[in-house]
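Just below is one structure, and these are the notes that go with it.
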Amino acid sequence: MEGPDGSGKSTQIALLREYLEKTGYDVIITREPGGTRISEDIRETILNPEFREMSPVTEMMLYASARSQLVAEVIGPAIDSGKAVISDRFVDSSLVYQGMARGLGVDTVFEINKVAIGDYMPDVTFLLDLPAEIGISRKKDQKELDRMELESLEFHKKVAQGFRDMASRFPERIKTIDATLPIEEICGIIKSRVKELLDA
Ligand code: TYD
C-alpha cells in the first residue's frame with residue numbers, strides 16, 4: 001500500500017487484511033521503514049528531525065537497509081510459507097521519495113533496492129493518490145512531524161506527482177485510487193483487484 005503522507009493507508013490495510021483472512025489466508029502486515037528490531041532502530045535514525053544534515057544517498061541506503069532486514073526476517077519467510085503479506089509502503093516509496101523527489105534517479109535507487117529485496121516484488125501495489133496539501137494538513141492535525149514530513153510543500157508535491165509517474169510506468173502492477181473517495185468505495189476497488197489476482 002503506497003501513497004503520500006496522510007493518504008489513509010492504514011485504514012485500507014486493516015480492511016484488506018479482514019478480506020484476505022476471510023478468504024482463508026494467514027496475513028502478515030509490515031510497515032516501512034521498520035518491522036524488525038534492526039529496521040525499527042534504523043527508522044529512528046531516518047526520521048529523527050534533528051538529523052537535518054542527512055545526505056540523500058545516506059537516506060536512500062538507510063531505507064534500503066531497513067527493507068533488506070525486513071525482507072530477510074519477515075517478508076521472505078512469510079511468502080515462502082504461503083502467507084499473504086501487506087506492506088505499508090515498500091520499494092516504490094524509495095523510488096519516488098529518494099529517486100524522484102530527492103533526485104537520485106529511479107534507476108539508481110532501483111539497482112540498490114534489487115539487492116535488498118531479491119525476488120520479493122509485490123504482486124500488486126495500491127497507490128492512494130492524494131493532493132500533497134491535503135495529506136500534509138491531515139498529518140499536522142495528528143502528531144508532531146518527523147524529518148520527512150518537515151520537508152517543504154514543494155517536496156511533497158514532487159512525491160505526489162512521482163507516485164503518479166510510477167503508476168504510469170508500471171500500469172500492470174500499480175493500481176491508482178483516488179484517496180478522497182469514501183473509505184468503503186476505496187476498499188471495494190482494492191478487494192475487486194485482489195480477487196481478480198487470486199482467481200487468476
Ligand atoms: P511513516 O511514519 O511510516 O509515514 P506514513 O505514515 O506517511 O507512511 O514514515 C515514513 C516516511 O518515510 C514517509 O514520510 C515516507 C518516507 N519513506 C521514504 O522516503 N522512502 C522509503 O523508502 C520509505 C519506505 C518511506
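Remember, it's 1-based here, ligands and their atoms both numbered in the order they're listed. In what follows, residues are counted from 1 in the order of the sequence shown.
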Nearest protein heavy-atom contact for [atom]: which residue, which atom, what distance?
| atom | result |
| --- | --- |
| atom 7 (O) of ligand 1 | D5 OD1, 2.6 Å |
| atom 2 (O) of ligand 1 | R43 NH2, 2.9 Å |
| atom 18 (C) of ligand 1 | Y63 CZ, 3.1 Å |

* Taking atom CG of D123 as the centre, report whether more than 12 heavy atoms of other residues, nucleotides or ligands fall under 6.0 Å from it. => no
* Asked: Counting only heavy atoms not in Y19, do more than 12 fall under 6.0 Å of its OH?
  -> yes
* To do: Scan side-chain atoms only and decide if N113 and R67 contain a donor-acceptor pair under the 3.5 Å cut-off.
  => yes
For [X], state whether at least one heavy atom is located under 4.0 Å from any atom of ligand 1.
| X | answer |
| --- | --- |
| Q98 | yes |
| E59 | no |
| K9 | yes |

* To do: If the plane angle is over 60° it's perpendicular, under 30° parallel, otherwise tilted; pick one for H156 and Y97.
  => perpendicular
* Interfacing atoms of ligand 1 (cut-off 4.0 Å, heavy-atom, R67) -> 21 (C), 22 (O), 24 (C)
* **Under the side chain to side chain contact (heavy atoms under 4.5 Å, CB included) test, residues paired with T11 that sit two or more places apart** => L15, I183
